[in-house]
Amino acid sequence: MHILIIGGGGREHTLAWKIAQSPKVTGLYVAPGNAGTVQIAQNLDIPPTDIEALAKACQDMGIDLTIVGPEAPLAAGIVDHFTASGLPIFGPTRAAARIESSKVFAKQLMQKHGIPCPNGAIFTNYRQARGYLEAQSTPIVVKADGLAAGKGVTVAMSKEEARQALSAIMETKVFGAAGNSVIIEECIAGREVSLLAFTDGNTVIPMVPACDYKRAFDSDQGTNTGGMGSYSPPGFFDAALTKQVIKTILKPTVKAMAKEGAPYKGVLYAGLMLAADGPKVLEFNARFGDPETQVILPRLKSDLVDIILDIIDNRLHETPVEWNDDACMGVVMASGGYPGDYKTGFAIQGLDKVDPEIMIFHAGTKQGENSQICTDGGRVLTVTACGKNMAEAREKVYQNITHIYFKDCHYRKDIAAREVK
Ligand code: GLY
């Protein structure tokens with residue numbers, strides 16, 4: 001099979017790494033990819049949202065299967081377009097991807113179908129939203145409806161912070177039309193965990209749980225990022241909790257989507273808060289998580305291509321999905337200044353100095369002159385390792401990461417630390 005992966009981050013390098021292990025694969029392409037994917041696949045210089053150009057490349061090159069990494073092409077309807085053109089593709093349709101591209105859609109779905117989530121109210125009018133906000137206590141959560149590159153959610157500790165977030169979304173329109181509606185919801189305390197699942201619209205098979213770290217610096221200081229590291233499994237999330245989430249959240253959501261006329265196929269990502277009265281959905285994503293994928297796929301024993309083909313053919317109930325018992329953790333090396341302004345083009349040294357078992361998943365990297373790999377984005381690499389327990393995986397990552405260097409690099413030193421205390 002010739003397979004195309006759309007995207008160019010750490011998630012897509014990890015997908016390419018896993019897909020390349022399938023005996024079914026004879027040709028692997030990534031659009032646009034990065035300096036890591038080019039070592040195991042052919043990069044195509046096509047942006048993820050140029051759906052026409054991607055479809056034409058698939059037709060011209062005889063691609064048998066396309067796998068979509070990021071949310072933007074899903075929200076733009078790439079699955080609908082490819083399917084109408086007879087091109088096999090893995091991911092939810094545009095209507096189904098609203099579970100991520102519209103937080104209002106997701107909230108209404110959960111409220112209507114009794115799927116546990118924080119209490120919240122939806123507004124399209126700034127004055128009404130502001131009036132409601134004044135009557136609430138803090139902390140309080142303010143969410144823009146649409147896609148906002150991970151920046152659309154503010155957990156406000158004070159009323160003033162919440163007012164500013166609301167005004168930025170609805171008055172200043174910092175996220176454009178994504179801020180035409182907002183959700184103001186209660187802030188619930190607990191531990192956060194990501195549980196992703198494969199689904200063909202009927203069968204739901206969970207992946208192993210994972211945790212990610214959104215803040216830029218140790219001890220959850222600094223601003224939110226795309227994710228600075230992740231690990232799997234979290235010791236506090238046991239098999240019984242997974243069962244509970246399948247029963248109360250994942251299966252009811254897939255059923256609800258079908259009832260709403262938007263059958264869901266692909267990866268369903270539930271961002272959960274383990275509240276005192278049970279797990280609740282903070283957000284849904286319509287795709288693999290980043291950087292969760294970097295620590296989930298190394299634990300998948302089964303062939304990912306088989307799973308994906310069975311989902312497309314509505315045969316997931318026949319598919320064995322097996323996981324290993326390893327602990328896996330990954331630390332993101334980021335450009336100085338990220339998630340704010342940062343410079344790129346710095347040579348990355350020492351990639352050849354790390355132990356062979358260390359997995360280095362590239363994100364913002366490109367090959368410069370003389371094949372030198374250089375920085376080309378905010379998040380640059382996820383340095384990942386597995387071990388028989390989390391202490392071993394951490395030791396491997398933090399020992400090897402010291403061999404890698406690029407100017408102004410920063411990374412968190414506390415990824416998965418709470419698991420080994
Ligand atoms: N790790 C969060 C996300 O993928 O959206």
Side-chain angles (χ1 to χ4, degrees), residues 5-15 18 48 67-75 91-92 97-103 105-106 141 143-155 175 178 191-198 206-216 220 222-234 237 245 250 253 266-274 279-299 328-334 338-339 361-364 377-382 384 411-412 415-416:
I5 296 166
I6 295 177
R11 166 184 49 211
E12 288 76 22
H13 187 190
T14 315
L15 282 164
K18 181 64 185 170
I67 300 166
V68 188
E71 60 276 18
L74 294 169
R98 280 180 301 163
I99 203 156
E100 173 169 6
S101 64
S102 171
K103 289 189 168 35
F105 172 84
V141 180
K143 293 180 172 178
D145 173 43
L147 295 180
K151 295 179 186 153
V153 178
T154 300
V155 180
F175 306 122
R191 296 194 80 165
E192 266 189 74
V193 64
S194 309
L195 188 64
L196 288 68
F198 296 110
M207 302 188 203
V208 285
C211 287
D212 72 343
Y213 290 72
K214 296 244 165 51
R215 301 287 186 137
D220 290 332
T223 44
N224 269 346
T225 68
M228 293 298 287
S230 54
Y231 69 89
S232 172
F237 197 86
V245 173
L250 291 169
T253 301
V267 169
L268 180 60
Y269 168 135
L272 304 167
M273 183 63 84
L274 304 184
K280 297 189 177 179
V281 179
L282 297 182
E283 63 170 2
F284 282 119
N285 292 322
R287 51 170 174 80
F288 283 100
D290 190 344
E292 288 96 330
T293 305
Q294 289 89 312
V295 297
I296 289 174
L297 290 188
R299 300 192 57 209
C328 187
M329 66 89 71
V331 175
V332 170
M333 300 183 79
Y338 173 81
F361 296 120
H362 290 228
R379 288 189 294 170
V380 177
L381 305 167
T382 312
T384 308
Y411 61 88
R412 282 183 63 155
I415 305 300

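When a ligand or atom number is given, it counts from 1 through the structure's own listing order.
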Problem set entry | side-chain contact (heavy atoms from CB on, under 4.5 Å) against Lys18, all qualifying residues, sequence neighbours excluded | Gln21, Leu297, Leu300, Leu304
Exercise. Hey, are Arg98 and Asp145 close enough for a salt bridge, meaning a charged N less than 4.0 Å from a carboxylate O?
Worked result: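 Answer for the salt bridge query: no.
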Problem set entry | Under the side chain to side chain donor-acceptor pair (under 3.5 Å) test, residues paired with Tyr269 that sit two or more places apart |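 Ser194, Glu292.
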Seminar exercise, completed: At a 4.0 angstrom heavy-atom cut-off, ligand 1 is contacted by Asp212, Tyr269, Asn285, Arg287, Gly289, Asp290, Glu292
Exercise. Are any of the side-chain heavy atoms of Glu283 and Val153 separated by less than 4.5 Å?
Worked result: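 No, their side chains stay 4.5 Å or more apart.
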For this session: Using the six-membered ring wherever Trp is involved, compare the ring planes of Phe198 and Phe288 and label them parallel, tilted or perpendicular (cut-offs 30° and 60°).
Result: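 Rings of Phe198 and Phe288: perpendicular, as their planes differ by over 60°.
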Seminar exercise, completed: Hits for salt bridge (Lys or Arg N to Asp or Glu O under 4.0 Å) against Glu100, two or more places apart or cross-chain, chain-then-number order -> Arg287
